[in-house]
Protein chains: 2
Amino acid sequence: MTSQVTSVAASLKQARPEAYFLPDNSKKSASATLESLYQIFTVPEAPNSTLGRIEQDISRNLVGFLQEHIVAVEKDLSELEKDFSESSIPNKPMFVSEQAEFLLQKVVAQSVHTSSPSFVGHMTSALPHFMLPLSKIMMALNQNLVKIETSKAFTPLERQVLGMLHRLVYEGNEGFYDAYMHDRHNSLGAFCSGGTIANITALWVARNKLLRPEGEFKGVSHEGMYRALKHYGYDGIAVLVSERGHYSLGKSTDILGIGRADLVSIPTDSENRIDVAKLEEKCRELEKQNIKLMAIIGIAGTTETGTVDSLDLLADVAERENCHFHVDAAWGGPTLFSRKYKDILKGIDRADSVTIDAHKQLYVPMGAGVVVFKDPTTLTNIEHHAEYIIRRGSKDLGSHTIEGSRPGMAMLVHSGLKVIGRQGYELLVDQGLEKARKFAEMIRNDEDFELISKPELNILTYRYVPKTIQALLADASPEQSRAINEVLNRVTKRIQKAQRARGKAFVSRTQLTPVKYDRQATVVFRVVLANPLTTMEILQAVLDEQKELTTTVEAQDIIEELNMLVIQYS
Amino acid sequence: MTSQVTSVAASLKQARPEAYFLPDNSKKSASATLESLYQIFTVPEAPNSTLGRIEQDISRNLVGFLQEHIVAVEKDLSELEKDFSESSIPNKPMFVSEQAEFLLQKVVAQSVHTSSPSFVGHMTSALPHFMLPLSKIMMALNQNLVKIETSKAFTPLERQVLGMLHRLVYEGNEGFYDAYMHDRHNSLGAFCSGGTIANITALWVARNKLLRPEGEFKGVSHEGMYRALKHYGYDGIAVLVSERGHYSLGKSTDILGIGRADLVSIPTDSENRIDVAKLEEKCRELEKQNIKLMAIIGIAGTTETGTVDSLDLLADVAERENCHFHVDAAWGGPTLFSRKYKDILKGIDRADSVTIDAHKQLYVPMGAGVVVFKDPTTLTNIEHHAEYIIRRGSKDLGSHTIEGSRPGMAMLVHSGLKVIGRQGYELLVDQGLEKARKFAEMIRNDEDFELISKPELNILTYRYVPKTIQALLADASPEQSRAINEVLNRVTKRIQKAQRARGKAFVSRTQLTPVKYDRQATVVFRVVLANPLTTMEILQAVLDEQKELTTTVEAQDIIEELNMLVIQYS
């Protein structure tokens, strides 16, 4: 494959030199150099130029392009770093063709084939083809959504996208959206670069709402956390979420000055759902400690196991405690499109705010998250203005976002919602969930694998436990069980890395604490079934390769350790 | 122009229906529907499809495409909103061609021509052509830079970009970059979606560094602002910046729990630079109030006037006060490429952190900001990990960023730095600064305009003040001056809006408090000269049109008010 890349590169050298920009070794005058600089802004790539060809290749046959150009076998990172070791910005301009070749050989070739149907380890998946030309329109227009003066129609468009996703979650009536979707004083949500910023936005709003102005006190926004807590007489404010909560929540409480210690982790039950009894216990405890409950967070699709908390029960608790209820549905939000499975998210419409990542299951390119707020006035808690933009009373989107300048990604979400439609997304969701159930069955039926978390949505975890070890584990003492699991953890790690290095398939790995194993740290394979092109045959091949890897030199030493345990404990 | 759009749209209707996705009115079975769903992931747009054609149009002749499709004359926002009023996500999938047509007529047509040479009002400008095909490669690869497993070569590439920009600012030696650029335990900076996130990152780091763990106290990151301030015995922590500081800094102190009140605004001198004497005075004052100085921020290119603070003097103060010194060079950073003008930023290498926006003067599409840190260990103050990614000791970029999942924008910055090179950026900077100086001269030479802030970089502000009024202002009493300026403010606003509505040219407006007018609020036109294609002829036309607009019905009533003042005060 590498030689193919080289030959493509060689043939490109003969192409038109694309001298849009004038390298320094020419003898032209300064004004001519300036002239050639203007050219890079005015003269497009010729179709037969290196970049022109790559573009056409991508347009005509993206799958082929990626297959041909991405080198599957893993290269050592330290090897890759050699191609990116120069720390000086080059003095002389470089031909576009030269850089395009470099990108093809050193970057594209060594990137990750995230859209491959056998890449089932992470939440980054395939894109519908129409997203690519649309992205190009977005880039060509280069709008800045912070304000209308640099985005015009993109402003109502983004508001519509926020409205549509708000309606997906809250199912308000026509009149509600007529009143609020384009209302200059309110906002149904905030468009973000991703779920992390969306979650921070939700908690920022919740914090400022809780510690709002009162009498002489001008609110936490103005006076900061220290004076706010002094004013209200609290010793802290807490956010409660299950131990499966996304790591962005820790970042959020750190950034917001709440403190990671006051993001309180609630244990989960055997199904990886937040234990509501323990949550209520914690609420009482916090009250005694004079720590004010700021928010309860429900997860609609945990990152590691795809589990959905019992949102209705959480809504009850949040109501009783009179605190903000946020649902992190970055992953699972689009399940609402499925008439068959939407009840898994029952209660989500009782949340004060909901995060949904469009670059996950809305199949939009990286960089699009959204947070919607039930009450359109909520975002005024973080409203801000400036003299030259986002003036008071304007409809500039920037007055309700953490970010300032932002691209027009909303256009891509808008197009996804229209071109794929509710029915299309429903199909995507349904087939993913059903594939996950079938894959779980496949794992259960295989004597050498153990399903660790069954799929509620389209994510599941499992590990390799050969039949003999499974028998052993069934009768093992706690101590023996710990010893066996410790070795199994290393087996799982080794297989995952070896499979990734081979480059045919990719599953990720994480560490769980299953109730079944007395909450002992258990390393598992994690599979995310979002790519509609992933077939059951591909999944069978993933298992087969994992099994095969246990017989190769890569895992031999640990497999022998396992065998020793069998002899020892039998 | 509208009719042209319509006719393009009409002709497109005859094109192949692009039935990648199956609309509901077909009679096919569920499995056939699923089949057609797969098609949108596997079958690319045909070259003669609507989207295929748009793409080709953009590739062949971007300038023409934008000129032809963007309707120049401003339409009322309430009019535009009608096209985005539906809040339900459509049930049935829509043909890609139908959506493409909609985008062409309703979104592209009503977007803002940010790359037009006469669009000189904001910091969003033209892009070099090669950025478009490169963006497409980036979108097609859909990497996620939060971790190596979804970005591979993009990880060292991004680290190289951070290294290059670090070196541009700090000019470390080869050995320094060899040691740190790819070091798993350290980071030279963080790649962000924009300058706002970059500034928040810098202040987050500074806050956590100041309120770090000590004895039993586990640090602000863990314990939050309230316990941190109690532990250290401060009544607050302050950030000092000139009154010209970007509004993102207010957001930052709000979000970080510091409070907007403790972002202390220091007055500027007649040149819009921070008054260093007043800054030092404020430092003493804060000490007396037991408010700990956390950071001083210098601005290298204020958003409104393009002014650069005296960074060397600020560095002296920060050193004496032993606080974090951040420079917001979101706009002005690339001035460092200019051998002729880089001294304007003298002292920037003494900053602990520096923000640079790549989507501004590095000419990369929207969505790319960077913050670099002098000391590569600084970012460990905000380091975070998770079980399934960004594990301890990994080189995953996500452990040092506010954002989680992020696109591969670094590839575009990398390409800009290589294809344009130091010399290319130098030319871009130099011609912008020199054009601004010439335009200032043009304004000075015109009897009916008044230059309000002269360009230090490539931004200037001015207003329309007819000759007679200028004479009047020269001898006016303070009271008269206030009255005249009040009317002039309305004139400026009116002209700016009218010019924007006409759609031939665009300048922005802001409100300054010039020393010359006793700090009275003064509305001004603001011009940003970043587009290399903007000529002096275009700038002359901007002035001519503004003058002409004062004679039209749009401004008549206010101009009459002005004339009344002449009669009254003469």
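Quick note on labels: first sequence line is chain A, next is B, and so on, each numbered from 1. Computed from a predicted structure; not experimentally measured.
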Residue pair B/Leu37 / A/Gly424: nearest heavy atoms and the distance that separates them: CD2-O, 4.0 Å

Atom pair OG1 (B/Thr155) and CG (A/Leu80), whose distance is rounded to the nearest 0.5 Å: 9.5 Å

Pair B/Ile70-A/Leu141, side-chain contact (heavy atoms from CB on, under 4.5 Å): steps then yes or no: CA-CA 10 Å; B/Ile70 298 181; A/Leu141 293 175; 4.2 Å; yes

Leading residue by heavy atom contact count with chain A [cutoff under 4.5 Å; candidates B/Ser78, B/Pro156, B/Gly194]: B/Pro156

Closest approach of A/Ser111 to B/Phe154 (non-hydrogen atoms, all atoms of both residues): CB-CE1, 4.0 Å

Best-contacting candidate, A/His222, A/Met225, A/His246, against chain B by heavy atom pairs under 4.5 angstrom: A/His222

Electrostatic pair A/Glu81-B/Lys395, nearest N-O below 4.0 angstrom: yes

Which portion of A/Leu77 sits near chain B, non-hydrogen atoms under 4.5 angstrom: side chain

Structural part of A/Arg60 lying under 4.5 Å from a heavy atom of chain B: backbone

Spatial distance of atom CG (A/Asn144) from atom CE (B/Met123) [nearest 0.5 Å]: 11.0 Å

Interatomic spacing from NZ in B/Lys418 to CD in A/Glu98 - rounded to 0.5 Å: 8.5 Å

Chain A contact via B/Thr303 - side chain, backbone, both or neither, heavy atoms under 4.5 Å: side chain

Largest heavy-atom contact set with chain B, pairs under 4.5 Å, which of A/Pro365, A/Ser221, A/Pro133: A/Ser221

Heavy-atom closest contact (B/Pro93 atom, A/Gln423 atom, distance): CD-OE1, 3.7 Å

Test item: A/Leu103 and B/Leu134 side chains (from C-beta on) under 4.5 Å apart, heavy atoms: yes

Min side-chain heavy-atom separation B/Ile420-A/Ile40 under 4.5 Å: yes

Criterion side-chain contact (heavy atoms from CB on, under 4.5 Å) on A/Phe84 and B/His182, from CA distance to verdict: CA-CA 9 Å; A/Phe84 306 95; B/His182 294 291; 4.2 Å; yes

Which atoms of A/Phe506 approach chain B - backbone, side chain, both or neither, heavy atom under 4.5 Å: side chain

B/Tyr425 and A/Ile89, any side-chain heavy atoms less than 4.5 Å apart: no

Under 4.5 Å from a heavy atom of chain A, the part of B/Arg509 involved: both

Nearest-0.5 Å distance, NE2 of residue A/His129 to CG of residue B/Leu51: 12.5 Å

Considering all heavy atoms, the nearest A/Asn142-B/Thr114 contact: O-OG1, 3.3 Å

Most chain A-contacting option - heavy-atom pairs closer than 4.5 Å, from B/Gly195, B/Ala140, B/Gly163, B/Gly121: B/Ala140

Heavy-atom contact with chain A under 4.5 Å, split by part of B/Asn208: side chain

Beyond-backbone contact of A/Ser87 with B/Glu174, side-chain heavy atoms, under 4.5 angstrom: yes

Heavy-atom proximity to chain A below 4.5 Å, by part of B/Val220: backbone

Student check: side-chain heavy atoms of A/Met366 and B/Ser405 closer than 4.5 Å: yes

Contact origin within B/His122 toward chain A - heavy atom pairs under 4.5 Å: side chain

Part of B/Lys106 within contact of chain A (heavy atom distance under 4.5 Å): backbone

Partner chain A: residue of B/Glu304, B/Glu74, B/Arg526, B/His384 with the largest heavy-atom pair count (under 4.5 Å): B/His384

Chain A contact via B/Ile237 - which portion, at a heavy-atom distance below 4.5 Å: neither

From CA spacing to verdict: side-chain contact (heavy atoms from CB on, under 4.5 Å), A/Tyr226, B/Asp262: CA-CA 12 Å; A/Tyr226 179 68; B/Asp262 285 351; over 6 Å; no

Minimum heavy-atom distance B/Val419-A/Gln99, with the two atoms named: CG2-CB, 3.7 Å

Contacting moiety of B/Met139, where chain A heavy atoms sit under 4.5 Å: both

Flag side-chain contact, heavy atom, 4.5 Å: A/Phe130 against B/Glu45: yes

Full working for side chain to side chain donor-acceptor pair (under 3.5 Å) between B/Arg406 and A/Ser193: CA-CA 8 Å; B/Arg406 287 185 300 113; A/Ser193 65; over 6 Å; no

Atom group of B/Glu403 that falls short of 4.5 Å from chain A, counting heavy atoms: both

B/Gln143 versus chain A, the contacting section by heavy-atom distance below 4.5 Å: both

Within-4.5 Å side-chain heavy-atom neighbours: B/Lys136 and A/Ser135: no

Choice from A/Gly224, A/Gly172, A/Gly421 maximising heavy atom contacts with chain B below 4.5 Å: A/Gly224

Test item: B/Met94 and A/Ser415 side chains (from C-beta on) under 4.5 Å apart, heavy atoms: no

Part of B/Leu62 lying under 4.5 Å from any heavy atom of chain A: side chain

Between B/Val108, B/Leu165, B/Asn531, B/Leu428, the one whose heavy-atom pairs under 4.5 Å with chain A are most numerous: B/Leu428

Contacting moiety of A/Ile197, where chain B heavy atoms sit under 4.5 Å: side chain

Options B/Ala386, B/Gly404, B/Gly367, B/Pro47, ranked by heavy-atom pairs under 4.5 Å with chain A, top entry: B/Gly404

Gap between atom CD1 of A/Ile200 and atom CD1 of B/Ile255 - 0.5 Å precision: 7.5 Å

Atom group of B/His385 that falls short of 4.5 Å from chain A, counting heavy atoms: backbone

Side chain / backbone / both / neither for B/Ser151 at chain A, heavy atoms under 4.5 Å: backbone

Top of A/Val63, A/Asp235, A/Leu512, A/Leu168 for chain B proximity - count of heavy-atom pairs under 4.5 angstrom: A/Asp235

Heavy-atom closest pair, residues A/Pro90 and B/Met164: CD-CE, 4.2 Å

Contact class of A/Ser85 relative to chain B, heavy atoms under 4.5 angstrom: backbone

Separation of B/Glu86 CD from A/Asp178 CG (nearest 0.5 Å): 9.0 Å

For chain B, the option from A/Glu223, A/Gln431, A/Arg227 that forms the most heavy-atom pairs under 4.5 Å: A/Arg227

Chain A contact via B/Leu66 - side chain, backbone, both or neither, heavy atoms under 4.5 Å: side chain

Largest heavy-atom contact set with chain B, pairs under 4.5 Å, which of A/Met411, A/Met409, A/Arg207: A/Arg207

